[in-house]
Amino acid sequence: MKELIHSLKGDKVIWAFVALLALFSFMPVFSASSNLAYMRHGSGNALTYLLKHGAQVFVGFFILYKIHKVPYHYFRTISRLLLPVVWILLVYTLLKGTIIDGANASRWIQIPFIGITFQTSTLASIVLYVFVARYLSKSRETPITFKSSLWDLWTPVFITIALILPANLSTAALIFAMVIMLAFIGKYPMKYIGIILAAGIIGLTFFILVAKAFPDAFPNRVDTWINRIDNFTSDKPDEDDYQIEKAKIAIASGGIYGLGPGKSVQKNFLPQSSSDFIYAIIVEEYGLFGGLLVLSLYLLLLFRFVVAAHKANSLFGKLVVIGLGFPIIFQAMTNMAVAVELFPVTGQTLPLISSGGSSIWMTCIALGIILSVTKKEEEIAEELAEKQKREEALQRLIDKQLQEEEAASLAAEQTELENYSIEDKANPLEPVLKKN
């Protein structure tokens, strides 16, 4: 175990928080999955779902470990190469996507021969954030013009968001907000950001009008968005209100200390109790303390992302940490806000806690890239420390050599002084006496 921990590079605090969230996820997932086990198998035995979740977490951490070993500057080129591939996957998802658990959208594709489904929009968001960070870090070398950035930066951004929008408004909105935030932090001109915001609002409005005019072109997804927003701002009951009401009952039932692990009642009534509304189950079983603990872990992770971004010695590294780290935290806050009816239902999962292989794996990819950035800073710090040690050792050798030379010189001078005398002990008449 010590060797494994020693092999983990990068920010150890981020590793610790990620591990804590993943380990904690087993308890609520095991409890909340009993509803799915009963509905699908009639047994109520959630052990299969627990083992499945464990396998997904294990694969996620394997991905995380492998990704964090890759030097983060490689992702500059990888993001450019993967962006067209992501567009193809998004188009395929719109045309041939899979619907899971009755979701009113085709957001997933199934990997052939394996049977595993994953949500392409999550992969697209990671690639896009790194792509934007690459452009903003590169643009520091030359002045930014709106014309050049419109083609090199915003065209890929809008293509990606446009391909996600028909099936997943919440994810598209989250990606657009995070890209704008990244542009602001990357010191993209504010006047251009205003133009892009206006263009985004106009584009969304136009899409909704087209979808309303041609409802057959876009299955009832747009109506679902509008109904959710209308129902959120009014008292009109619908399916989403049913989920929200059950989530609020779960939270109210939890009280301060909770009902205890596995003792949730509302998990039997919440359709997405192990994914979208798992936070309500956490509060019901572990109480206000459990809910605040989970919230605190995400906030501490956010603080650590800020520290990691501050320590990064390159602008690209800073923007990558912010661009990949902040969406994880914002997604978590969105999930918790939906559970307490601060936001309308969005379908966003709780990162590292909700069940679902693709969401866990994509989060682990993002965290792996972040840890790769912190690993580089750690390696630089180790190199500087090693260099300082070598310089100090070399200086000690030089000082020792100088001391030895100085001591040898003093000894030679002392010997010379001892051998030299101004007293001449020879007899001055000795040559004369020899002649006689």
Side-chain angles (χ1 to χ4, degrees), residues 5 8-29 53 56-58 60-65 67-68 72 75 122 125-126 129-130 133 171 174-175 177-178 181-182 185 275-276 278-279 282-283 286 288-312 317-340 342-343 346 348-356 358-378:
I5 295 175
L8 300 178
K9 302 298 182 181
D11 195 311
K12 297 297 189 295
V13 179
I14 294 178
W15 275 108
F17 287 143
V18 170
L20 283 173
L21 287 169
L23 288 174
F24 177 77
S25 70
F26 283 88
M27 296 183 289
V29 166
H53 180 70
Q56 292 168 346
V57 171
F58 176 80
F61 270 78
F62 178 78
I63 295 171
L64 172 58
Y65 179 81
I67 291 290
H68 101 287
Y72 76 92
F75 295 103
T122 53
S125 63
I126 293 173
Y129 294 146
V130 178
T171 300
L174 174 62
I175 292 174
M178 292 298 104
M181 179 203 69
L182 203 55
I185 295 174
S275 55
D276 295 359
I278 196 168
Y279 187 70
I282 291 173
V283 177
Y286 301 95
L288 180 63
F289 287 142
L292 290 177
L293 175 62
V294 172
L295 176 62
S296 300
L297 285 175
Y298 283 113
L299 291 177
L300 289 172
L301 190 58
L302 172 63
F303 173 75
R304 203 60 197 178
F305 287 153
V306 174
V307 172
H310 179 71
K311 288 183 177 179
K318 295 177 186 294
L319 294 176
V320 163
V321 173
I322 293 170
L324 295 179
F326 280 34
I328 295 174
I329 307 303
F330 192 79
Q331 180 182 337
M333 298 301 167
T334 301
N335 177 278
M336 290 183 275
V338 168
V340 297
L342 290 177
F343 287 174
T346 61
Q348 298 294 326
T349 58
L350 195 59
L352 297 171
I353 293 182
S354 294
S355 62
S358 64
S359 62
I360 294 174
W361 299 340
M362 294 302 116
T363 302
C364 287
I365 289 175
L367 290 169
I369 298 173
I370 292 172
L371 287 168
S372 178
V373 176
T374 62
K375 180 196 69 172
K376 183 63 178 178
E377 308 314 316
E378 185 179 80

- [ ] Give, for atom CZ of F343 and atom CE of M336, the distance between the pair rounded to the nearest 0.5 Å.
- [x] 11.0 Å

TODO: Work out which heavy atom in A312 is nearest to a heavy atom in V373; give both atom names and the distance.
DONE: CB-CG1, 4.2 Å

Task: All side chain to side chain contact (heavy atoms under 4.5 Å, CB included) counterparts of I365, not counting sequence neighbours - done: I63, I126, M362, I369

Task: Heavy-atom pair with the smallest gap, counting every atom of M181 and F326 - done: SD-CD2, 3.5 Å

Open item on the list: Please report the interatomic distance NE2(H310) to NZ(K318), rounded to the nearest 0.5 Å.
Closed with: 6.5 Å

Task: Closest non-hydrogen atom pair between S25 and L352, with its separation - done: CB-O, 3.4 Å

Open item on the list: Looking only at the side chains, is there a donor atom on one of T171 and Q348 sitting less than 3.5 Å from an acceptor on the other?
Closed with: yes

TODO: Mind checking side chain to side chain donor-acceptor pair (under 3.5 Å) for T363 and listing every partner two or more places apart, or none if nothing turns up?
DONE: none

Task: Non-neighbouring partners of F24 that pass side chain to side chain contact (heavy atoms under 4.5 Å, CB included), sequence neighbours left out - done: M27, P28, I282, Y286, V294, I353

Open item on the list: Quick check for you: to the nearest 0.5 Å, what is the distance between I328 atom CD1 and L301 atom CG?
Closed with: 7.0 Å

Task: Any side-chain heavy-atom pair of I14 and F305 under 4.5 Å - done: yes

Open item on the list: Quick check: closest heavy atoms across Y298 and L350, and the distance to 0.1 Å?
Closed with: OH-CG, 3.5 Å

Task: Test ring pair (Phe, Tyr, Trp, His ring centres under 6.0 Å) applied to F58 - qualifying residues, sequence neighbours left out - done: none

Open item on the list: Applying side chain to side chain contact (heavy atoms under 4.5 Å, CB included), can you list everything that pairs with V340, at least two apart in sequence or on another chain?
Closed with: I251, L342

Task: Non-neighbouring partners of S354 that pass side chain to side chain donor-acceptor pair (under 3.5 Å), sequence neighbours left out - done: none

Open item on the list: I'd like to check the side chain to side chain contact (heavy atoms under 4.5 Å, CB included) partners of F289; sequence neighbours left out, ordered by chain and number.
Closed with: I256, Y257

- [ ] Taking the side chain as every heavy atom from C-beta outward, state whether V320 and F75 have any atom pair closer than 4.5 Å.
- [x] no

Task: Shortest non-hydrogen separation from A22 to V57 and the atoms involved - done: CB-CG1, 4.1 Å

Task: Heavy-atom side-chain contact between V338 and D276 under 4.5 Å - done: no

Task: Sequence neighbours excluded, every pair satisfying salt bridge (Lys or Arg N to Asp or Glu O under 4.0 Å) that has a member inside residues 291-305 - done: D11-R304

Task: CG on L371 to OH on Y65, rounded to 0.5 Å - done: 12.5 Å

Task: Gap separating the CD1 atom of I67 from the CD1 atom of I370, nearest 0.5 angstrom - done: 12.0 Å

Task: F61 vs V18 side-chain heavy atoms within contact, under 4.5 Å - done: yes

Task: side chain to side chain donor-acceptor pair (under 3.5 Å) partners for H68, two or more places apart - done: none

Open item on the list: To check you understand the geometry: which heavy-atom pair defines the closest contact between L292 and Y279, and what is its length?
Closed with: N-OH, 4.4 Å

Task: T349: partners by side chain to side chain donor-acceptor pair (under 3.5 Å), with sequence neighbours left out - done: Q331

Open item on the list: Let me confirm one number: the CG-OG1 distance from L367 to T374, rounded to the nearest 0.5 Å.
Closed with: 10.5 Å

Open item on the list: If we ignore hydrogens and angles and just use 3.5 Å, is the side chain of S372 paired with the main-chain N or O of G368 as donor and acceptor?
Closed with: no

